[in-house]
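What follows is a short report on a single structure.
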Amino acid sequence: MLTIITLILCITMFIRLFTYRRHGAQYRAGMSWLAVIVMASCGAAAIVILDGQLQVQAIAWPLVLLLGVFTAATLRCSGNLSAVMKGPAAWNGRRK
């Protein structure tokens, strides 16, 4: 069950980051590279799970929970990793 949840979370995060549009947000090379690394990691995990080489064990539930929180934050910020790193105060999409 945790393997399927992990697969869904990885695919969801990959798609959200892949479809991110800046809409006037400032370009930052470090955040772009971070997004590429996260997308590559999520994509690789999904491929390995679909290939049957990875089975998430029950003892790894904290990691799946952490992935879920990170995915939810990424969705809440519309794929803007900079806002994810700033925390919940930046999640409403408005600037201070």
Side-chain angles (χ1 to χ4, degrees):
M1 184 67 175
L2 287 179
T3 304
I4 294 170
I5 294 170
T6 302
L7 176 65
I8 291 168
L9 291 171
C10 285
I11 291 172
T12 302
M13 189 179 315
F14 179 88
I15 290 171
R16 185 59 211 131
L17 290 173
F18 188 76
T19 60
Y20 173 68
R21 298 291 178 243
R22 288 190 315 145
H23 297 295
Q26 181 180 4
Y27 172 77
R28 294 179 20 195
M31 282 297 140
S32 292
W33 278 108
L34 180 62
V36 168
I37 291 168
V38 171
M39 284 187 346
S41 299
C42 287
I47 290 170
V48 170
I49 289 171
L50 289 172
D51 195 34
Q53 296 179 18
L54 176 64
Q55 292 290 321
V56 179
Q57 303 299 317
I59 198 164
W61 68 266
L63 292 175
V64 177
L65 182 64
L66 182 64
L67 179 61
V69 169
F70 190 50
T71 301
T74 303
L75 290 172
R76 178 83 165 100
C77 295
S78 302
N80 186 350
L81 283 186
S82 178
V84 172
M85 297 303 172
K86 289 179 185 175
W91 292 359
N92 61 6
R94 294 182 227 147
R95 292 186 166 214
K96 289 185 177 182

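Here the structure is a predicted model, which is why all the values come from computation and not from measurement.
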(Q) Checking side-chain contact (heavy atoms from CB on, under 4.5 Å) between W61 and each of I5, L66, L2, which is the one that passes? (A) L2
Q. Out of curiosity, does V48 fall in the hydrophobic cluster containing L63 (side-chain heavy atoms, cut-off under 4.5 Å, transitive links)?
A. no
Q. For V64 and L9, which heavy atoms make the closest approach, and how far apart are they?
A. O-CD1, 3.8 Å
Q.
Rounded to the nearest 0.5 Å, what separates atom CD1 in I11 from atom CG in L50?
A. 5.5 Å
Q. Could you give all pairs that pass the side-chain hydrogen bond (donor to acceptor under 3.5 Å, both in side chains) test and reach residues 3-16, with sequence neighbours left out?
A. R16-T19
**Q.** Nearest atoms (heavy-atom pairs only) where S32 meets Y27
**A.** OG-CE1, 3.2 Å
Q.
For a side-chain contact (heavy atoms from CB on, under 4.5 Å) check, start with the C-alpha distance between T74 and F14, then their side-chain angles and the critical distance, and finish with the verdict.
A. CA-CA 10 Å; T74 303; F14 179 88; over 6 Å; no
Q.
I need the F70 CZ to L81 CG distance, nearest 0.5 Å.
A. 5.5 Å
Q. Linking I/L/V/M/F/W/Y whenever their side-chain heavy atoms sit closer than 4.5 Å, directly or via other members, would L65 and M1 fall into one cluster?
A. yes
Q.
Nearest 0.5 angstrom please: L75 CG to I15 CD1, how far?
A. 10.0 Å
Q. Rounded to the nearest 0.5 Å, how far does OG1 of T71 lie from CG of L17?
A. 9.0 Å
Q) Given the rule that I, L, V, M, F, W and Y join up when any side-chain heavy atoms are under 4.5 Å apart, are L34 and Y20 in one cluster? A) no
Q) What's the shortest heavy-atom distance between M13 and C42, and which atoms? A) SD-SG, 3.9 Å
